[in-house]
**Q** 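Attaching a single structure in structure tokens format; questions to follow.
Values reported hereafter were calculated over all heavy atoms of this structure, with side chains retained and with hydrogens, waters and symmetry mates removed.
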Amino acid sequence: MPARRRKQPSEKQENNMTHGVALVCDLLVIGSGAAGLSTAVTAASLGLDVIVVEKERQLGGTTAWSGGWLWIPRNPLAKAAGIEEDPETPRTCLRHELGEGYDEARVAIFLEQGPRMMTFFERETKLAFIDGNAMPDFHGHSPGAGTGGRSVCAAPFDGRELGERLKDMKPPLDEISPFGMGIAAGSDINHFLNATFSWASFRHATKRVVRHWLDRLRHGQGMRLLNGNALVARLLKSADELGVRILTATPAQELLVDSGRVVGATVLVREKPTEIRARRGVILAAGGFPHDVARKAAMFPHAPTGNEHWSAAPQSNTGDGIRLGERAGGQMRQDLSDAGAWAPVSLVPHRDGTVGRFPHLVERAKPGLIMIRSNGRRFTNEADSYHDVMKALFAATPAGTAAEAWAICDHAFLRHYGLGRVRPRPFPVQPWLRNGYLKRGDTIEALAAQCGIDREALTATLRDYNRFAVDGKDPAFDRGGTPYNRIQGDMGHKPNPCLAPIVARPFYAVKIVAGSLGTFAGLRTDEYARVLDSNAQAIAGLYAVGNDMASIMAGRYPAGGITLGPAMTFGYVAAHHAGGIPLDNNRSAA
């Protein structure tokens, strides 16, 4: 069906919203991350009248702060590159990875519709993708694990195309974006890391920084949007062109139910209760519950009061969508392997007294870093996925004690790769020593004293690690033993891109605490993203996507992009189902 372009709200409609008069649409979407916007854009492209409400003043949710990767096996970009994969191979991978959590119906529709979703968006909207064909799955030894061809990311986007709308979009996460500038995975970040070691990298980094500062002088912010910021921008541009009505600073208060069917919601528009009636239904896409203290206390074993966990997701993700769904009869799934997408996080002191959360996603696999607990011993392969590293820390932490660790490196590592929020040369180190975020010792024993680590055990751990690291070996944890380990390391470092001795004084450490990128536990849904009641029956007119929907990965994390890939795929599926429009059965689209 051809896209139907719509006009933006009229002056009369704006006045109605201000005075609390009921609005009417076909589909109401609650939340403006990739899940919500992909649903809205799909529905509008199919001819539905769509309203999106977002409780924050800026759009984009967690997606705007993310790497923007989607895991879509057998995607069109992989096929175009000649990577042909038997349909059964990713199924084999997921059957092994998910175990008893494998849901045949939901996995089947995800694997079938994911490539079609990509084709649809590239054909009908402003969305464009770049391939991640070299990116392997996390667990290289699993049956059916991919060595590449399953990952895609939004293509870079020129923010000037959004005009004034750009101000409505959440900027990149400050903790990982120097000067507010996004840096892409792969060659882009490698150039920045090597800017003081290579003239080619120096030229690349200098060009990027100069362009960014010129944009800031002219426009107030950078215009080259990357990663999750580019994904949101492209979806937002598409939504505007399709006439999707988007209301910011508009929290949803209650779902409207008529004769067992969800028919809309009450929202606050400029603090005035307003009913939005939705003929086709309501989509919950409010980002899960990473900052719902009560829910964390109930579902995170390592956070008995709910306060022992520090998520890098936006503070506004407090479980609103899930609670709305529960009050309408939906059921929270409680049986996932893990309720959250765990990640090592460090707490960054800000000058205004607030504390940022830095997700350690990049430097852990670089050669010359180890992670240890206060007992002075390593507990995992530091180059494994962020989720796996945290699971290992939880397993190594005695009951009743905080899940904490230290990331330790030497001076050469710090100046080359950085450590957490401490960026590499030429950025200064002293401010981070003064505020206590970074610890330093001229000897490893002095560093142990600074951090409260068992001195003798740490000395022995480092001695054993260094002895084998010289030859690129790690008999304790096989660091560098999988394709994912190696691609996250430094491919120019031999013989093992993930291993180097830690010997160059002084030594440094940053404290790691329990954190996450978001949550996996959510509302039970069927293969069409319809929310299920206590009898496993679909609640008419109610859908959940993104992190408001229980992850199809059953609380497991087999690859990067397993949040956004399903989020956008089920947004696409839900929009079709709500509109009564059959999904594309043209097999060539897959």
Side-chain angles (χ1 to χ4, degrees), residues 32 34 37 56-61 63-69 126-130 132 153-241 248 314 348 350-352 356 358-359 361-363 415-418 420-432:
S32 67
L37 288 179
E56 287 200 81
R57 295 192 178 278
Q58 291 184 304
L59 303 164
T63 304
W65 287 357
S66 75
W69 288 95
K126 292 292 184 180
L127 199 55
F129 297 97
I130 56 175
C153 188
F157 186 74
D158 187 339
R160 289 173 292 189
E161 291 192 39
L162 280 176
E164 289 299 310
R165 173 62 98 178
L166 183 59
K167 296 178 182 177
D168 294 334
M169 202 181 82
K170 192 189 297 289
L173 179 62
D174 177 68
E175 308 300 345
I176 59 176
S177 307
F179 319 118
M181 178 179 64
I183 298 176
S187 63
D188 193 33
I189 192 170
N190 286 335
H191 277 306
F192 276 93
L193 292 176
N194 289 300
T196 58
F197 298 91
S198 157
W199 278 111
S201 292
F202 177 79
R203 287 192 297 270
H204 173 95
T206 300
K207 182 178 178 180
R208 289 270 281 110
V209 171
V210 169
R211 174 181 170 174
H212 178 76
W213 278 104
L214 288 174
D215 282 344
R216 290 191 63 168
L217 289 172
R218 293 168 182 164
H219 308 287
Q221 64 186 97
M223 292 292 115
R224 180 172 168 80
L225 307 184
L226 302 170
N227 307 327
N229 233 227
L231 180 57
V232 171
R234 288 181 173 277
L235 287 168
L236 185 54
K237 179 67 172 177
S238 303
D240 282 345
E241 290 192 351
T248 59
V348 183
H350 292 165
R351 291 180 181 178
D352 62 2
F358 184 97
L361 309 181
V362 176
E363 87 275 33
R415 301 315 281 151
H416 190 167
Y417 305 110
R421 180 58 181 81
V422 184
R423 296 187 172 118
R425 185 187 296 116
F427 290 94
V429 171
Q430 287 299 324
W432 304 105

**Q** Excluding sequence neighbours, so at least two apart, what forms side-chain hydrogen bond (donor to acceptor under 3.5 Å, both in side chains) with Gln221?
**A**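 In terms of side-chain hydrogen bond (donor to acceptor under 3.5 Å, both in side chains), with neighbours along the sequence ignored, Gln221 is linked to no residue.
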
**Q** Checking Arg203 now: which residues fulfil side-chain hydrogen bond (donor to acceptor under 3.5 Å, both in side chains) with it, not counting sequence neighbours?
**A**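 Checked Arg203 against side-chain hydrogen bond (donor to acceptor under 3.5 Å, both in side chains); zero matches.
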
**Q** Of all heavy-atom pairs between Gly67 and Cys153, which one has the smallest distance, and what is that distance?
**A**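 Looking at all heavy atoms of both residues, the closest pair is O-SG, 3.5 Å.
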
**Q** Under the ring-ring contact (aromatic ring centres under 6.0 Å, His included) rule, collect the residues that match up with Trp65, sequence neighbours excluded.
**A**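 Per chain and number, Trp65 pairs via ring-ring contact (aromatic ring centres under 6.0 Å, His included) with no residue.
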
**Q** Go through the structure and list residues passing side chain to side chain contact (heavy atoms under 4.5 Å, CB included) with Val348, not counting sequence neighbours.
**A**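 Glu175, His350, Phe358, Arg421, Trp432, Tyr437.
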
**Q** Stepwise, does the side-chain contact (heavy atoms from CB on, under 4.5 Å) test hold for Lys126 with Glu241?
**A** CA-CA 9 Å; Lys126 292 292 184 180; Glu241 290 192 351; 3.2 Å; yes

**Q** Between Arg165 and Leu59, is a side-chain contact (heavy atoms from CB on, under 4.5 Å) present by the stated rule, with each step listed?
**A** CA-CA 10 Å; Arg165 173 62 98 178; Leu59 303 164; 4.0 Å; yes

**Q** With sequence neighbours excluded, tell me which residues meet side chain to side chain contact (heavy atoms under 4.5 Å, CB included) with Arg208.
**A**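 Partners of Arg208 under the side chain to side chain contact (heavy atoms under 4.5 Å, CB included) test: Met181, Ile183, Asp188, Phe192, His204, Arg224, Leu226.
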
**Q** Kindly compute the distance separating CG (Leu127) from CG (Leu231), expressed to the nearest 0.5 Å.
**A**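 Reported to 0.5 Å precision, the distance equals 6.0 Å.
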
**Q** Under the side chain to side chain contact (heavy atoms under 4.5 Å, CB included) test, which residues partner Ala233, sequence neighbours left out?
**A**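 By the side chain to side chain contact (heavy atoms under 4.5 Å, CB included) rule, Ala233 matches Phe157, Leu162, Met169, Leu225.
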
**Q** Identify, with sequence neighbours excluded, every residue that meets side-chain hydrogen bond (donor to acceptor under 3.5 Å, both in side chains) alongside Thr63.
**A**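 Checked Thr63 against side-chain hydrogen bond (donor to acceptor under 3.5 Å, both in side chains); zero matches.
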
**Q** For Thr248, is there any backbone N or O sitting under 3.5 Å from a side-chain donor or acceptor partner on Glu56?
**A**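 Not confirmed, Glu56 side chain does not pair with Thr248 backbone.
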
**Q** Between Ala154 and Ala230, which heavy-atom pair has the shortest distance, and what is it?
**A**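 In terms of heavy atoms, the two residues are closest at CB-C, 4.1 Å.
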
**Q** Where do Pro424 and Arg415 come nearest, in terms of heavy atoms and distance?
**A**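 Taking every non-hydrogen atom into account, CB-O, 3.3 Å.
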
**Q** Does atom NZ (Lys170) have a neighbourhood of more than 12 heavy atoms from anything else shown, all under 6.0 Å?
**A**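 Enclosed: over 12 neighbouring heavy atoms sit under 6.0 Å from NZ of Lys170.
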
**Q** Run the numbers on Met223 and Leu166 for side-chain contact (heavy atoms from CB on, under 4.5 Å), then give the verdict.
**A** CA-CA 9 Å; Met223 292 292 115; Leu166 183 59; 3.2 Å; yes

**Q** Given 3.5 Å as the limit, does a donor-acceptor pair link the side chain of Ser32 with the main chain of Gly60, or not?
**A**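 Such a contact is found between Ser32 side chain and Gly60 backbone.
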
**Q** Can you tell me which residue pairs pass the side chain to side chain donor-acceptor pair (under 3.5 Å) test with a partner in residues 226-237, sequence neighbours excluded?
**A**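 Checked against side chain to side chain donor-acceptor pair (under 3.5 Å) - neighbours excluded - no pair reaches residues 226-237.
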
**Q** For Glu164, which residues count as a side-chain hydrogen bond (donor to acceptor under 3.5 Å, both in side chains) partner, sequence neighbours excluded?
**A**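 Glu164 satisfies side-chain hydrogen bond (donor to acceptor under 3.5 Å, both in side chains) with Lys167 only.
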
**Q** Checking Asp158 now: which residues fulfil salt bridge (Lys or Arg N to Asp or Glu O under 4.0 Å) with it, not counting sequence neighbours?
**A**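 Salt bridge (Lys or Arg N to Asp or Glu O under 4.0 Å) list for Asp158, sorted by chain: Arg160.
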
**Q** Return the set of residues passing salt bridge (Lys or Arg N to Asp or Glu O under 4.0 Å) with Arg211 (not counting sequence neighbours), or none when no residue passes.
**A**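 So Arg211 forms a salt bridge (Lys or Arg N to Asp or Glu O under 4.0 Å) with Asp215.
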
